[in-house]
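No experiment lies behind these values; they were computed from the predicted model shown. Letters A, B, ... are given to chains in the order of the sequence lines, protein chains preceding strands, and every chain is numbered from 1.
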Number of protein chains: 2
Amino acid sequence: MNVQKSKLYWPPAVTVDAVIFTVQEDDLQVLLIERSNEPFRNYCALPGGFLIKNEPSRDAVARILKDKAGVNNVYTEQLYTFDDLARDPRGHTVTIAYFALVPPTSLKISSSVREHPQLYSVKRLPNLAFDHRKIIEYALGRLRAKLEYTNVVYSLLPKEFTIPQLQKTYEVILGKRLDKRNFAKKFLSLNIVKPLPKKLGGPRRRPARLYRFISPSPQELKKFF
Amino acid sequence: MNVQKSKLYWPPAVTVDAVIFTVQEDDLQVLLIERSNEPFRNYCALPGGFLIKNEPSRDAVARILKDKAGVNNVYTEQLYTFDDLARDPRGHTVTIAYFALVPPTSLKISSSVREHPQLYSVKRLPNLAFDHRKIIEYALGRLRAKLEYTNVVYSLLPKEFTIPQLQKTYEVILGKRLDKRNFAKKFLSLNIVKPLPKKLGGPRRRPARLYRFISPSPQELKKFF
DNA sequence: CCAAAAGTGTTGTGTTTACACCCATGT
DNA sequence: ACATGGGTGTAAACACAACACTTTTGG
């Protein structure tokens, strides 16, 4: 690549970082690892790393999702590219940040994996390496916005779910309570979910009807909440 | 940077590309240059280029805006990072794409500048180098979306403008006609512009009142069109 | 006085919000 | 029988879309 021989051009390093969200225990959680190398050794950080030779960033993210979260084929979207000079003490490093949404039922976190991936509530984040806090905040803003005009929520829920679960997911991410009558009315009027004959019971309470997304793939919607 | 010595890591090249929009002659236009080097020599392309050493992408875009469009301090926003392996025949090249909005009154295009920057209507784009058509389409989608929930339109207009000019800008970008009563009503109710005592005349017609944005800086709005 | 674009209100329709009670189940 | 959360409808406020005539200017 002769362009790289120019006196002026010097390639910055290129990494990817993944903000992996899931909703569990009535809380929005992010997957973080504990760095085993300098810089920021022993700090928590987003899972990520350098692109390997001729690897597009999308593939790098898929690799990380597999390694750190044990998942394939989850909703993944490019977020933003961060390249402040100050973000990495080693020098100019460009990171292409992605966010991914994983239903709690398919996450496979193993503490034997290198750097101990673990979920943290977004409400109680530890100190983070690099500019990773900023990246998470950016991702959260994007997620909130997308909840309101797309059907992405399907990618945070199991295939079959109840309206109260769905509503809880919205509430936890948006950080506010919603009226259940209005919620059900609006969501059902979109005709993107269908009721199943079954119901889901819980301890000591009335069982809720189960639903399924008619087409669990990304769609834009008129509007939402 | 020892990370770059790894057997596996090989830095892709990093470039920026700028989609510079302006509205002129009742049309949405993009600035394109004619490439003087391989690959895609003599094809039209977005202005852009490699990052120079330790230059953040934001600065690189500002440099390009200055060189090719003769402007400083215009609305600039990072768009997306494109890194398909196939996008550049020279090898893995990541481009961080930006879009910029320039009022026609401040654009300074000079045909003596290298690679002859020129405006093209987005309705009649020539064949473009690399994946630049895709980038322009992506930028156009973003611009349309942003018109509807932000005040960005201020960055395409001169400081003083009339309601019909404003409406025309919306119409040209959204590609549809709007009702002028509803438009004026809605826009004025946002309280983001203030009327000036002056009016702007045109040939053989009633002059229109001039307005100015109260705060010409990016804001989110409730909703729009 | 004529051509051309500026300016201005009302009404009907659909969407959003606010709000409270009964139901099904497990213990 | 009771505690817990599931399920459901209506009315008022608001936002949006449709629609036509009068005004101001230059020529």
Side-chain angles (χ1 to χ4, degrees), chain A residues 23 25-27 144-145 147-150 157-158 160-172 174-212 220-225, chain B residues 23 25-26 144-145 147-151 157-158 160-172 174-212 220-225:
Chain A
V23 173
E25 331 234 314
D26 292 352
D27 224 347
R144 284 186 176 138
L147 267 197
E148 311 211 345
Y149 67 94
T150 71
L157 291 167
E160 305 190 342
F161 56 89
T162 66
I163 299 292
Q165 271 175 56
L166 179 65
Q167 180 174 342
K168 195 76 195 174
T169 304
Y170 271 86
E171 290 181 337
V172 157
L174 299 178
K176 65 181 180 203
R177 309 221 47 202
L178 302 170
D179 179 89
K180 64 179 173 172
R181 283 165 293 191
N182 293 337
F183 183 89
K185 194 169 1 134
K186 209 191 272 181
F187 209 96
L188 294 175
S189 76
L190 297 168
N191 292 317
I192 57 173
V193 292
K194 58 167 188 261
L196 302 176
K198 297 177 288 175
K199 302 204 170 187
L200 179 64
R204 197 175 181 164
R205 68 176 182 275
R206 179 176 175 177
R209 158 155 262 127
L210 285 167
Y211 289 80
R212 193 190 272 268
E220 302 240 333
L221 305 170
K222 306 274 167 198
K223 198 167 33 169
F224 256 44
F225 299 100
Chain B
V23 173
E25 332 236 314
D26 292 352
R144 285 185 176 138
L147 267 197
E148 311 210 346
Y149 68 94
T150 71
N151 65 346
L157 291 167
E160 304 190 342
F161 57 89
T162 65
I163 299 292
Q165 271 175 55
L166 179 65
Q167 180 175 343
K168 195 77 197 172
T169 304
Y170 270 86
E171 289 180 339
V172 156
L174 299 179
K176 64 181 180 201
R177 310 221 47 204
L178 301 169
D179 178 88
K180 65 179 172 172
R181 285 166 293 191
N182 292 337
F183 183 89
K185 194 167 3 130
K186 208 192 271 184
F187 209 96
L188 295 175
S189 76
L190 297 169
N191 291 317
I192 57 174
V193 293
K194 57 167 188 258
L196 302 175
K198 298 177 287 177
K199 303 203 171 190
L200 179 66
R204 196 176 181 166
R205 67 172 184 278
R206 178 174 176 179
R209 159 155 262 127
L210 285 166
Y211 288 80
R212 191 191 274 267
E220 303 241 333
L221 305 170
K222 305 274 168 198
K223 196 168 34 173
F224 257 43
F225 299 101

Query raised in the report: When rounded to the nearest 0.5 angstrom, what is the spacing between CD in A/Gln167 and OG1 in A/Thr162?
Result: 10.0 Å

Query raised in the report: In whole angstroms, how far is the P atom of C/dA6 from the CD1 atom of B/Ile163?
Result: 11 Å

Query raised in the report: Between A/Phe183 (CZ) and D/dG9 (C1'), how many Å, whole number?
Result: 18 Å

**Report entry** Whole angstrom value for the distance that separates C1' of C/dT16 from CD of A/Glu148
**Finding:** 14 Å

Query raised in the report: In whole angstroms, how far is the P atom of C/dT8 from the CZ atom of B/Phe187?
Result: 16 Å

Query raised in the report: Quick one: B/Arg209 CZ to D/dT25 C1', roughly how many Å, whole number?
Result: 15 Å

Requested in this report: Please evaluate the base of D/dG5 for a donor-acceptor partner in the side chain of A/Arg205 within a cut-off of under 3.5 Å?
Outcome: no

Requested in this report: State whether the distance check finds a donor on one side and an acceptor on the other, under 3.5 Å, for side chain A/Arg206 versus base C/dA24.
Outcome: no

**Report entry** Atom pair CD/CG of B/Gln165 and B/Leu210 - distance to nearest 0.5 Å
**Finding:** 7.5 Å

**Report entry** Which nucleotide in C/dT16, D/dC19, D/dC16 has an atom nearest any side-chain atom of B/Lys186
**Finding:** D/dC16

**Report entry** Residue met sooner reading DNA chain C from 5', once B/Pro164 and B/Asp179 are mapped to nucleotides
**Finding:** B/Pro164

Query - Spacing between A/Asn182 atom CG and D/dA12 atom P, to the nearest angstrom - result: 16 Å

Query raised in the report: Do A/Leu221 and A/Tyr149 touch side chain to side chain, with heavy atoms closer than 4.5 Å?
Result: no

Report summary line: Residue pair A/Ala184/B/Arg181 against DNA chain D: nearer the 5' end by closest nucleotide is A/Ala184

Requested in this report: Please state whether the base of C/dT10 and the side chain of B/Lys185 form at least one donor-acceptor pair under 3.5 Å?
Outcome: yes

Query - CG on A/Leu147 to CG on A/Leu174, rounded to 0.5 Å - result: 5.5 Å

Query raised in the report: Roughly, in whole Å, what's the span from NZ in A/Lys168 to P in D/dT4?
Result: 15 Å

Report task. Hey, could you give me the CD/CG distance between A/Glu171 and A/Leu166, rounded to the nearest 0.5 Å? Result -> 10.0 Å

Query raised in the report: In whole Å, what is the span from the CD atom of B/Gln165 to the C1' atom of C/dA6?
Result: 13 Å

